[in-house]
Undergrad: 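Mind looking over this structure? Questions follow.
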Amino acid sequence: MKSKFDREILDQLLPYASEVSISDGDLVRLHANELPWRNEAVMWSLRDSILDIPSNRYPEVTNSELRSKIAEYIGYKNENVLVGNGSDEIIDTIGKAFIEPLDKVLIPSPTFSLYSAITRVYSGVPIIIPLTSEYMLHMEKLLSEAKNAKIAIICSPNNPTGVLYPEDEIKALLDTGILVVLDEAYGEFSGYTGLPLINEYDNLIVMKTFSKAFGLAGFRTGYCVGSKTVIESMSKVILPYNLNMISTKTIEFAIDHADFMNEAVKRIIENRGYLFREMEKIKEVKLVPSKTNFILFEVENPRKIYEELIKRGILIRYFEGKKYLRVSVGTYENCVKFISDLKEILNVR
Ligand code: PMP
């Protein structure tokens, strides 16, 4: 559908909702890389404080208290942190601040689809650099294209592959002088972060989120860390009052209760190990080793497998026209059910 008011670029875009499978009813949700547990301590703290929220007032315009809290948590200064309504808003703000019409943005592919969509929205040109057959960065191509590009957006560990790229490669890209956006939405599950590189490089933005390891996707809060200069530029275009008071309070509690996140990460890594070992025994699937809370696997006839899993009550992520599927690491029970259903569908014992 098209309205007569559309910008031309809209012909190339689809609503995000048409990409992801929406879960309904009682399906086990293993499609959106969510944490399978709710942070109960945070919910109780929220319950105790919600009546004190001055909801007739606007929230603090630049989220300075939350920024301080995050800055302290990661060991940087307030001026190095910007918070968004999900890291989705951070990606949009990077586009708003830095992409001029026809600017080239390097995007290794496959990766999170929003990077190229946002690049197009701001009339930039996504330069898609396919990953190698082992799902690694194609460094030669990236470095040669970097000469003509303004920005590179690197998701590490990457969605949907789960692969963490070597720090040397990120540094090599940074050394070209272009703006490097390092999306660490799944960083906590990998044990690595590029945050210390911020001290060395003023052309680096690291993005993080509370949606995954902290299990707070419903409160829509993400942030980025960078030099004072890039953060100041982004602050000029990010919407004022972008976080609501409930989310702000919740995230503050979540940082106070970071032990929940650490414990959840530990359990997810255990479950990921179990899922990987069990899937490795099935010769019909080819696995990509994962540093995230999901596993990508190649399989014949992915659409059929996806549909058969839905019939058995499990929703995973299907990608139109691709040879792989992605399954999120859920509770141990979710993993057991997934393995048993997958074996049944593939007719293996
Ligand atoms: N980056 C990546 C790689 C993601 O997979 C996602 C969520 N699907 C996001 C960013 C956005 O996360 P949020 O807006 O919930 O912080």
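In each ligand, atom 1 is the first atom listed, and ligand 1 is the first ligand listed.
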Undergrad: Can you tell me if A217 has a non-hydrogen atom under 4.0 Å from ligand 1?
TA: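 So A217 does not count as touching ligand 1.
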
Undergrad: Does a side chain donor of either S49 or D52 reach within less than 3.5 Å of an acceptor in the other side chain?
TA: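 No, because no side-chain N or O of S49 sits under 3.5 Å from a partner of the opposite role on D52.
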
Undergrad: S211 heavy atoms, cut-off 4.0 Å: which ligand 1 atoms fall inside?
TA: 13 (P), 15 (O), 16 (O)

Undergrad: Hey, does G222 sit under 4.0 Å from ligand 1 if you only count heavy atoms?
TA: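 Heavy atoms of G222 never come under 4.0 Å of ligand 1.
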
Undergrad: Would you say Y115 has any N or O atom under 3.5 Å from an N or O of ligand 1, going by distance alone?
TA: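 Looking only at distances, the answer is no, because the N/O contact criterion of under 3.5 Å is not met.
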
Undergrad: Ring centres of F294 and Y186 under 6.0 Å apart?
TA: yes

Undergrad: Is it the case that the side chains of Y192 and E184 hold a donor-acceptor pair, with the cut-off being a distance below 3.5 Å and no angle test?
TA: no

Undergrad: Looking at non-hydrogen atoms alone, which of Y186, F112, F219 comes nearest to atom 10 (C) of ligand 1?
TA: F112

Undergrad: Evaluate K281 against E278 for salt bridge (Lys or Arg N to Asp or Glu O under 4.0 Å), listing each step before the verdict.
TA: CA-CA 5 Å; K281 295 177 192 160; E278 290 303 309; 2.8 Å; yes

Undergrad: With a 4.0 Å cut-off on N to O distance, would you call E252 and K69 a salt bridge?
TA: no

Undergrad: Indicate, with yes or no, if the rings of F297 and Y324 have centres closer together than 6.0 Å.
TA: no

Undergrad: List ligand 1 atoms under 4.0 Å from C155, heavy atoms only on the residue side.
TA: 3 (C)

Undergrad: Please report which non-hydrogen protein atom sits nearest to atom 1 (N) of ligand 1, along with the residue it belongs to and the distance in Å to one decimal place.
TA: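 Atom 1 (N) of ligand 1 sits closest to the protein heavy atom D183 OD2, 2.6 Å.
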
Undergrad: If we only count N/O pairs under 3.5 Å, is N159 in contact with ligand 1?
TA: yes

Undergrad: Within the structure, does T209 bring an N/O atom to less than 3.5 angstrom of an N/O atom in ligand 1?
TA: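 Indeed, backbone or side chain, T209 has an N or O that close.
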
Undergrad: Return the closest protein heavy atom for atom 12 (O) of ligand 1 as residue, atom name and distance.
TA: S87 OG, 3.2 Å

Undergrad: Sub-3.5 Å donor-acceptor pair from the side chain of D341 to the main-chain atoms of F338, do we have one?
TA: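 Side chain of D341 to backbone of F338, a donor-acceptor pair under 3.5 Å: no, none is there.
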
Undergrad: Give the residue and atom name of whichever protein heavy atom lies nearest to atom 7 (C) of ligand 1, and the separation in Å to one decimal.
TA: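 For this ligand atom, the closest protein heavy atom is K212 NZ, 3.4 Å.
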
Undergrad: In this structure, is the centre-to-centre distance between the rings of Y332 and Y274 below 6.0 Å?
TA: yes

Undergrad: Any idea which protein heavy atom is nearest atom 14 (O) of ligand 1, and the distance to it?
TA: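 Checked against all protein heavy atoms, atom 14 (O) of ligand 1 sits closest to R220 NH2, 2.8 Å.
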
Undergrad: Cation-pi check, R303 to Y318: give yes when NZ or CZ is under 6.0 Å from the six-membered ring centre and within 45° of the ring axis, no otherwise.
TA: yes

Undergrad: Tell me which protein heavy atom sits closest to atom 11 (C) of ligand 1, plus the residue, atom name and distance to 0.1 Å.
TA: D88 OD1, 3.0 Å

